[in-house]
Amino acid sequence: MPETTVTRSRGRSLRERLRPAADYLGLSRSPGAGPTPPSADTERRGDYGKAVARLHDDEREVGPLNAAENRRLLRIKLFGATGSVLLLIGSLGTGAVPVLQNPVAGMRVLSLPSRMWSTALTLSIGGTIMLVVAWLLLGRFAVGRFSVEVLGGRSPERRMTRRQADRTLMLWIAPIVVAPPLLSKDVYSYLAQSAIAFKGMDPYVVSPVRGLGVDDVLTRSVPNLWRDTPAPYGPLFLWIGKGITAVTGDNITAAIFLHRLLALVGIALIVWALPRLARRCGVSSVAALWLGAMNPLLILHLVGGIHNEALMLGMMLVGIELCFRAIYGSDRLRRPGSFWPSAAGWTLVAGAAVLSASAMIKVTSMLALGFVGIALAQRWGAYLPALRHAPIGQWWERSRRSIVALTASAGVLAVVLVVVMVAICVGTGLGFGWTSTLSTGGVVRSWMSMPTLLSVTTGRIGLALGLGDQTQAILEVGRPLGQLVAAVFIIRWMLASLGGRLHPLGALGVSMATVVVFFPFVQAWYLLWAVIPLAAWATRPWFRLTTIAVSAIIAIVVMPTSSNTSGVVLAQGLLAGVIMVAVMTALFFEDLPVHRWLRARRVRNHREEKV
């Protein structure tokens with residue numbers, strides 16, 4: 001009898017524990033309750049994403065800057081441009097110059113930074129800090145004062161114009177365009193893998209060492225970690241690289257310049273699409289540009305480091321904008337009485353095709369198709385009804401229209417994706433080998449990847465306890481587990497978008513952030529996968545302040561050093577760089593005696609001219 005009582009008590013306890021979850025999912029009902037008609041409570045939209053939805057609030061457009069603010073803006077622009085120039089000079093010594101065909105080797109002046117490495121490091125660090133500080137100061141004229149408008153969630157009284165933002169970005173980028181690759185040697189892998197494709201070999205099977213030879217001029221500049229690994233990039237990107245190789249041959253300098261132009265095309269696409277998406281979400285276009293396109297991570301890594309994420313993100317945003325233009329427009333997507341697309345329908349197809357093509361640069365952007373599909377299904381009547389207190393027997397009746405709309409949306413986008421994917425894979429002649437090399441980057445153990453960091457830390461603890469080195473075994477379990485957790489969260493954000501709590505663009509940005517957090521390997525510029533879409537949607541203080549802080553810190557922390565850089569040299573370069581920034585800040589922004597003398601001289605000359 002006591003055992004039975006204990007068992008029943010445990011059973012009741014288990015039911016009580018499961019009751020909240022079942023109630024939330026709509027799988028429970030009150031005892032003895034029969035079928036109940038749908039009520040207003042059960043027919044409202046779902047509850048997913050309430051907390052994340054607080055990231056967004058509409059912003060109002062404000063007037064232009066006054067004369068005094070324009071003068072201060074000019075100083076900030078020149079301060080950032082000076083930092084870019086110093087970074088350019090320092091990169092001649094600290095940049096990822098090629099092992100062979102170094103264009104400045106032997107030049108008395110231009111090769112000076114490479115012979116004075118400590119000075120070059122100081123200039124690079126100081127230039128980077130100046131660029132970051134200029135970006136932070138410029139935020140006053142984009143999102144407002146951090147401690148007042150941003151923290152209070154209010155719009156500033158005035159903002160710089162879109163034209164001023166564009167010109168500032170071009171001014172800061174201009175010196176970086178002619179600099180050597182910064183902070184990464186990935187571009188040399190691009191060149192080697194493109195050369196392999198140009199020679200008719202399969203870059204998804206043949207590595208640079210095996211395809212070009214260890215003594216090849218291109219292979220020599222590829223980092224040792226990637227010399228014997230196949231290409232992890234999409235066939236469209238390698239096909240473009242193949243065309244660059246056809247033009248430049250073994251000329252590394254020309255090939256690097258053309259790849260940087262390709263990255264600039266991606267930046268131009270971002271600058272075109274991001275303000276339009278921001279206005280669609282009720283966010284200031286200038287604020288979105290400042291946080292996304294003018295982010296120092298973009299300037300330093302996508303432009304300076306010449307990463308193909310620039311083209312991927314640019315095409316992804318353009319595709320999303322074209323799709324949203326059709327979906328949220330008032331025109332029909334197909335002609336009356338026909339399944340043939342109308343003009344708006346073709347815009348939707350074009351956007352989905354551009355989006356699919358971006359996934360053939362790097363597969364990460366394929367995630368955006370899911371949220372475009374949610375938006376399209378919502379146009380066709382899909383929504384996520386509230387699951388709480390709804391009898392499970394009514395599920396099909398309440399969800400039938402949504403399932404039909406979701407199926408139709410998924411079918412349309414899947415057809416476009418398959419057509420574009422097959423056309424690119426077959427048309428480029430590179431096939432579908434990219435599907436088997438997506439995990440190539442897993443050889444990197446990045447501290448920015450949460451699963452990798454936890455796995456490596458656990459392995460080190462086990463090694464310290466005398467349990468042996470089990471790091472690789474832990475990684476093989478931790479990384480897939482992290483991807484599974486990310487998939488669960490992404491499904492949740494899709495449900496939140498379907499329920500109307502999150503705009504599809506905001507849900508995509510949150511999902512990209514989830515991917516970055518749980519990705520097996522993460523680099524500094526991967527943060528832009530999430531920051532750029534979210535810049536057009538999220539406006540609340542904690543998002544903006546956190547994004548600003550993380551972007552600034554990561555931009556400075558990732559320094560142009562190597563494994564041979566000693567701690568003393570790094571400390572010296574950092575200290576000298578900070579002192580240099582302090583001096584430059586005083587020269588640009590403090591009212592020094594020399595400034596007062598120059599101002600008085602200008603006034604005196606002006607009076608003399610009048611006389």
Side-chain angles (χ1 to χ4, degrees), residues 91 94-102 180-197 201-234 237-238 241 252 255-256 259 300-302 304-309 312 361-364 433-434 436-453 455-457 459-460 469 471-476 478-479 482 516 519-527 554 557-566 570:
S91 69
T94 62
V97 295
V99 175
L100 302 175
Q101 298 185 13
N102 185 350
L182 304 178
L183 305 170
S184 173
K185 294 184 177 181
D186 281 6
V187 67
Y188 298 113
S189 295
Y190 300 166
L191 301 185
Q193 291 155 0
S194 299
I196 291 172
M201 294 176 283
D202 187 353
Y204 299 118
V205 176
V206 180
S207 65
V209 167
R210 300 179 187 276
L212 304 178
V214 69
D215 293 324
D216 184 83
V217 64
L218 298 177
T219 306
R220 291 284 298 275
S221 295
V222 178
N224 292 332
L225 185 63
W226 307 115
R227 286 189 180 184
D228 203 20
T229 56
Y233 309 112
F237 178 72
L238 291 183
I252 294 180
I256 289 175
H259 271 278
L300 294 173
H301 292 280
L302 298 195
I306 321 178
H307 292 289
N308 55 9
E309 270 84 359
M312 179 201 79
I361 300 292
K362 208 163 186 177
V363 73
T364 314
W434 58 274
S436 62
T437 62
L438 296 176
S439 60
T440 299
V443 297
V444 177
R445 295 182 178 181
S446 170
W447 61 269
M448 297 180 67
S449 166
M450 188 174 70
T452 300
L453 177 63
S455 299
V456 172
T457 302
R460 296 287 175 84
D469 189 1
T471 304
Q472 187 58 39
I474 299 174
L475 283 170
E476 291 175 358
R479 283 175 167 177
V516 172
F519 209 61
F521 45 93
V522 177
Q523 303 290 357
W525 56 93
Y526 286 14
L527 299 177
I554 296 297
V557 166
V558 180
M559 298 182 183
T561 57
S562 65
S563 57
N564 298 325
T565 305
S566 66
L570 179 59

Would you say the side chain of [Y] lies within less than 4.5 Å of the side chain of [X], judging by non-hydrogen atoms?
{"X": "Ile256", "Y": "Pro181", "answer": "yes"}
{"X": "Ile306", "Y": "Asp186", "answer": "no"}
{"X": "Gln523", "Y": "Val558", "answer": "no"}
{"X": "Thr229", "Y": "Ser207", "answer": "no"}
{"X": "Glu309", "Y": "Tyr526", "answer": "yes"}

Practice task
I would like to know whether Tyr188 and Tyr190 meet ring pair (Phe, Tyr, Trp, His ring centres under 6.0 Å); could you show each step before the answer?
Solution key: CA-CA 5 Å; Tyr188 298 113; Tyr190 300 166; 9.6 Å; no
Return the minimal non-hydrogen interatomic distance between [X] and [Y], and the atom names on each side.
{"X": "Pro232", "Y": "Leu438", "result": "O-CD2, 4.3 Å"}
{"X": "Ser455", "Y": "Gly478", "result": "OG-CA, 4.0 Å"}
{"X": "Lys185", "Y": "Ser221", "result": "CD-O, 4.3 Å"}

Rounded to the nearest 0.5 Å, how far apart are [atom1] of [X] and [atom2] of [Y]?
{"X": "Ser91", "Y": "Leu183", "atom1": "OG", "atom2": "CG", "value": "9.5 Å"}
{"X": "Thr437", "Y": "Tyr204", "atom1": "OG1", "atom2": "OH", "value": "6.5 Å"}
{"X": "Thr364", "Y": "Phe519", "atom1": "OG1", "atom2": "CZ", "value": "5.0 Å"}
{"X": "Glu476", "Y": "Ile474", "atom1": "CD", "atom2": "CD1", "value": "10.5 Å"}
{"X": "Gln101", "Y": "Ile252", "atom1": "CD", "atom2": "CD1", "value": "4.5 Å"}
{"X": "Trp434", "Y": "Lys362", "atom1": "CH2", "atom2": "NZ", "value": "13.5 Å"}

Practice task
Ignoring hydrogens and angles, tell me if any N or O in the side chain of Thr471 forms a donor-acceptor pair with the backbone of Val456 under 3.5 Å.
Solution key: no
Handout entry: Sidechain-backbone polar pair: Thr219 side chain, Val209 backbone, donor-acceptor under 3.5 Å
Key = no
Exercise for the section: Compute whether any side-chain donor of one residue and acceptor of the other, for Arg479 and Thr452, lie under 3.5 angstrom apart. Expected result: yes
Practice task
Mind running side-chain contact (heavy atoms from CB on, under 4.5 Å) on Thr94 and Met559 for me, showing each step along the way?
Solution key: CA-CA 9 Å; Thr94 62; Met559 298 182 183; over 6 Å; no
Exercise for the section: Name all pairs fulfilling the salt bridge (charged side-chain N to carboxylate O under 4.0 Å, His left out) condition that reach into residues 201-226, sequence neighbours left out, sorted by first residue then second. Expected result: Arg210-Asp228
